Chemist: 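Have a look at this one.
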There are 2 protein chains.
Amino acid sequence: MQSNFTTEPRALIRRKGYRLTPQRQMILDAVREAQGHCTPDEVFARVQRKSSAVNRATVYRTLDFLLRIGLVTTAHVQNNQVIYEMAGQSPHHHLVCQHCQKVTQISHELVQPLFDRIEQEQGFEVHTDHFMIFGLCAHCRQLPKPAD
Amino acid sequence: MQSNFTTEPRALIRRKGYRLTPQRQMILDAVREAQGHCTPDEVFARVQRKSSAVNRATVYRTLDFLLRIGLVTTAHVQNNQVIYEMAGQSPHHHLVCQHCQKVTQISHELVQPLFDRIEQEQGFEVHTDHFMIFGLCAHCRQLPKPAD
DNA sequence: CTACATGCAAAGAGTTTGCATCCGC
DNA sequence: GCGGATGCAAACTCTTTGCATGTAG
């Protein structure tokens, strides 16, 4: 289904008349490898590991570029950061474990009933499409709590 | 029910051994008058209108102080800002109209079923307690859309 | 009068921008 | 070779911090 993931975005960039630079490829790869939940800073760090010759400003500019042409999307998390992830995934939301930092995706179907009720009861048309829900994952909630 | 709202926080501040300064009162008033959804910058602007002699750093420090002693709470919104609001309200979430900026509160009861399903299906214990949901309010969604 | 709170200015983080250079096409 | 993309450094925004002064209790 998305086996051609590596070449497809390249084609899109070219098709729209933009240039396919090594930086853009590395940054796109970094976002893809991060599996959702990556901040500009994390992208920068990942890219640095491959090639130290990429500038921070380029990371910001390129993420914005990839967002504009629709290859990545953004979500906003509670600790006041923007995260980027690959576009084109089925609608989903994130569960973030505050203890082990693990990120799980949940289907949008779980959330849709909430949006439906908001629309029915308030007449409010929801645009928010990406929740970051924080808490404890099944594993970590079983651990003994540290004393207060 | 909350008719004594003005004096009660004063008492709390004094009781805990902190000083009741004009700045703290003005900043607390500003948060209360903003009815949820106020950023440090908005608080600063409100306070400035009453007395131009309040410093930005004091606003930050005081909001943090009010948070620590439990008089206000924070939520984090999608445009990457922290907002403050009076503590002690019943659990609720915000609907924010992206057109007219109006903020509506919805009861947590609407959201609880979602959290319940997440817990049942994923074993994930939700801690997030404050959603900011963006979209169009009943009024604004009826307006003709501007051409793209 | 004493210690906590404030004002001021400077320092930090994170992000954006102007401009010369580079390089994809 | 041309024009868009990058690197670099400076600017900008938002927030925090150190220190001297002010003031609530």
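Model, not experiment: these values are computed from the prediction.
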Chemist: Rounded to the Å, how far apart are B:Ile13 CD1 and C:dC4 P?
Modeler: 16 Å
Chemist: Of the options C:dG14, D:dT6, C:dT6, whose atoms approach the side-chain atoms of A:Tyr60 most closely?
Modeler: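 The nucleotide sitting nearest to the side chain is C:dG14.
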Chemist: For B:Met86 versus B:Arg32, what's the shortest heavy-atom pair and its separation?
Modeler: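 In this case the closest contact between B:Met86 and B:Arg32 is CG-CA, 3.8 Å.
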Chemist: Tell me whether the OP1 or OP2 atom of D:dT23 has a side-chain N or O from B:Gln23 closer than 4.0 Å.
Modeler: no
Chemist: Answer with yes or no whether B:Arg61 presents, from its side chain, a donor or acceptor under 3.5 Å of a partner atom in the base of D:dG18.
Modeler: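 Counting by modelled atom types and ignoring angles, a donor-acceptor contact under 3.5 Å is found here.
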Chemist: Tell me: CZ of B:Arg56 to C1' of D:dC14, nearest whole Å?
Modeler: 8 Å
Chemist: Whether the side chain of B:His108 engages the backbone of B:Pro91 through a donor-acceptor N/O pair (distance < 3.5 Å, no angle test) should be reported.
Modeler: no
Chemist: Between the base of C:dG24 and the side chain of A:Arg14, is one N or O donor paired with an acceptor at under 3.5 angstrom?
Modeler: no
Chemist: Rounded to the Å, how far apart are B:Asn55 CG and D:dG22 P?
Modeler: 15 Å
Chemist: Below 4.5 Å, heavy atoms only, C-beta onward: do A:Ile118 and A:Glu125 meet side chain to side chain?
Modeler: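 When only atoms from C-beta onward are counted, A:Glu125 and A:Ile118 do not touch, as no gap falls below 4.5 Å.
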Chemist: Below the 4.0 Å mark, does D:dG4 have OP1 or OP2 next to a side-chain nitrogen or oxygen of A:Thr21?
Modeler: no
Chemist: Determine whether any donor atom in the side chain of A:Arg24 lies under 3.5 Å from an acceptor atom in the base of C:dG24, or the reverse, and answer yes or no.
Modeler: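 A donor-acceptor contact between them is absent.
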Chemist: Of all the nucleotides listed (D:dG7, D:dG22, D:dC2), which has the minimum atom distance to the side chain of A:Arg19?
Modeler: D:dC2
